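Mind looking over this structure? Questions follow.
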Protein chains: 2
Amino acid sequence: MSLDIPERGDGDDERGGRGRSDWAYDMLHEAIREGTLEPGQRVMEPEVSAWLRISRTPVREAMRRMQAEGLLEHAPGGGLSVALYDLRAIGEFYATRESLEGTAAALAARNADDTERRILASTLDAMRKLPDAPRAHARENQALHEQIYQAAHNRFLLKSLRTLLNFVPLLGRTTYHAPGRAEVALREHEAIVAAIQARDPAEAEAAARLHIRHAYESRVHVVTEDIRAAAERRSARRPSPGPGERGSARRPPAKDGS
Amino acid sequence: MSLDIPERGDGDDERGGRGRSDWAYDMLHEAIREGTLEPGQRVMEPEVSAWLRISRTPVREAMRRMQAEGLLEHAPGGGLSVALYDLRAIGEFYATRESLEGTAAALAARNADDTERRILASTLDAMRKLPDAPRAHARENQALHEQIYQAAHNRFLLKSLRTLLNFVPLLGRTTYHAPGRAEVALREHEAIVAAIQARDPAEAEAAARLHIRHAYESRVHVVTEDIRAAAERRSARRPSPGPGERGSARRPPAKDGS
DNA sequence: GTCAATACTCGTGTATGCACGAGTGTGCAG
DNA sequence: CTGCACACTCGTGCATACACGAGTATTGAC
């Protein structure tokens, strides 16, 4: 048999030294981030398996993991589908996040060591010199928040926050697409970091909570706008939304080399 | 081959209608709760597979799930082992829990509907008439807290709290083994529920946080006592702790019918 | 006797095969 | 034309097979 050697002709399996399972997880995660997999869409093992050119086993593991994290949920038909968010869920998300981020900031103010404080300051500096691209801002923003979580020195809080933030890609475009959000966010980040440097837990928590509340408002703006745009696109394209989507070539990433 | 039909002679596969994977998860969870699997102990797929008389596939899924939840962690040798807790981790656990429980109580005070308030009151009533058994108290306590989480009407908070509480079995005996804990806890529970009934979020949060802080203190008492007792037992039994534990029959549940 | 190299054991990662069950389309009877 | 029953499709759950790699024991040389 010639299946001793994987022998993938494609050169696109540039995954790190980790296993196919983790790789599949990353690919699915990216597919959700990029919008290739839309919320509510059904995700089936054979399909993903064919897409990634690996067997169902690692795909299965990746999907179960995403299910455990809440990115995938039980589909009505019995399988799994990309989790659906409604505006209420977004409100719940930010309420939880406000609590956790506030606690993280407070703990960081109490527990951060000198190195961590230095890193926070330098990340903040880097954010001041950022171009106008929402993606760049989003990435640095994520880095800063992650550093705050680390500085809190609380493994459970860290894990809870990471799990919670996994849900962000489902919300759509970043909040930095809201006009003027970057400047305001920078101001808020400065307040949080200043309170951490001053070792003032109460102030750090208050600043962090305020930051998240504002992020929530921006999120609502962006999402409602997205929903409106999508509705317009839909009504413009197909007058009667046919329920049968069971054709041959489905949505999933056409990763075929051809 | 006769493997068309599972044909398990034992009558102990009384699992609910769910699949073997969930069943394996429950069994492992129980094994950890019961102390059959001790923290730090290595857990290997073939072993569990043989124990539960199912193939490695569902065992694997259960273990990955527990890993995602933090109950299992990477073992030095490359496999998985039951997560180890130290006193610092317990402190971190309760700090996170205090934040989440406080938020849950506050949200419950704001969002609980009449039915939920009634259920809370009746659970509290039931707790007043409980016998002295720590197990009974622990179970009702869990029920009350779960009802508060539900009443908060926040799916993300609910999931975060459930994931966090998964870690409790690793901490050992329940805090109701601390003398006098049951009475104090009942008083604290009454305060939380009263604040929720009064629709006072700030008071509910304060009461919940106080409750968790006290639970933390009881936990520290119980755990330090356990550690001391274990140390005594160890030093009494074997003067020189041999490192080679690689014998034939290992710890895992001797579920053999023989 | 000690060190090093080799062979072996065993656990994990992945692939594949098979059975069951739900959803669906089709054909027949009314 | 409508309703029901049967067969089919397909996705999931589980089991088994195989390869790789890390750790370990054994054996040989110095």
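Quick note: numbers below take in every heavy atom, side chains included, and nothing from hydrogens, waters or symmetry partners. We name chains A, B, ... by the order of the sequence lines, and we start the count at 1 in each one. Being a predicted model, the structure only gives us computed values, none of them experimental.
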Give a yes/no on whether any side-chain N or O of A:Ser55 is located under 4.0 angstrom from OP1 or OP2 of C:dA15.
yes
note: A:Met44, atom CE; D:dT9, atom P; distance rounded to Å ~ 17 Å
Presence of A:Arg20 side-chain N/O under 4.0 Å of C:dA15 phosphate oxygens OP1/OP2
yes
A:Arg56 CZ to C:dT16 P, straight-line distance once rounded to whole Å
12 Å
Rounded to the nearest angstrom, tell me the gap between atom CZ in B:Arg18 and atom P in C:dC20.
21 Å
My understanding is that only residues two or more places apart in sequence, or in another chain, count here; which of them pass side-chain contact (heavy atoms from CB on, under 4.5 Å) with A:Glu45?
A:Arg56, A:Arg60, A:Met63
Scan residues 74-85 of chain B for pairs that pass side-chain hydrogen bond (donor to acceptor under 3.5 Å, both in side chains), counting only residues two or more places apart or in two chains.
B:Gln67-B:His74
Which nucleotide, C:dA15, C:dT12, C:dT16, lies nearest any side-chain atom of A:Pro58?
C:dA15
Using atom types as modelled, flag every donor-acceptor pair under 3.5 Å from a side chain in residues 146-153 of chain B to any protein atom, sequence neighbours excluded.
unit_1, atom_1, unit_2, atom_2, d
B:Glu146, OE2, B:Gln150, NE2, 3.3
B:Glu146, OE2, B:Arg162, NE, 3.1
B:Glu146, OE2, B:Arg162, NH2, 2.4
B:Gln147, OE1, B:Thr123, OG1, 2.8
B:Gln147, NE2, B:Thr123, OG1, 3.1
B:Tyr149, OH, B:Glu101, OE2, 2.3
B:His153, NE2, B:Glu116, OE1, 3.0
B:His153, NE2, B:Glu116, OE2, 3.2

d(CG, A:Leu80; C1', D:dG11) in whole Å:
11 Å
Of the candidates D:dC14, D:dA17, D:dT12, the side chain of A:Glu45 sits closest to D:dT12
Need one value for A:Val43: base, sugar-phosphate or nothing, where a base atom within 4.0 Å counts as base even if backbone is also close, heavy atoms only.
sugar-phosphate
Applying salt bridge (Lys or Arg N to Asp or Glu O under 4.0 Å), can you list everything that pairs with A:Arg135, at least two apart in sequence or on another chain?
none
Polar pair under 3.5 Å, donor/acceptor by atom type, side chain A:Arg42, base D:dG11
no
With B:His177 via ring pair (Phe, Tyr, Trp, His ring centres under 6.0 Å) - residues at least two apart
none
Using a cut-off of strictly less than 4.0 Å between a heavy atom of the residue and any atom of DNA chain D, enumerate the qualifying residues of residues 59-68 of chain A by number.
A:Arg60, A:Arg64
Report the residue (B:Pro46 or A:Pro76) whose heavy-atom-nearest nucleotide on DNA chain C is the more 5′ of the two.
B:Pro46
Any side-chain donor near an acceptor of the partner, B:Glu61 and B:Ser21, under 3.5 Å:
yes
So with a 6.0 Å cut-off around CD of A:Gln142, is the heavy-atom count from everything else above 12?
no
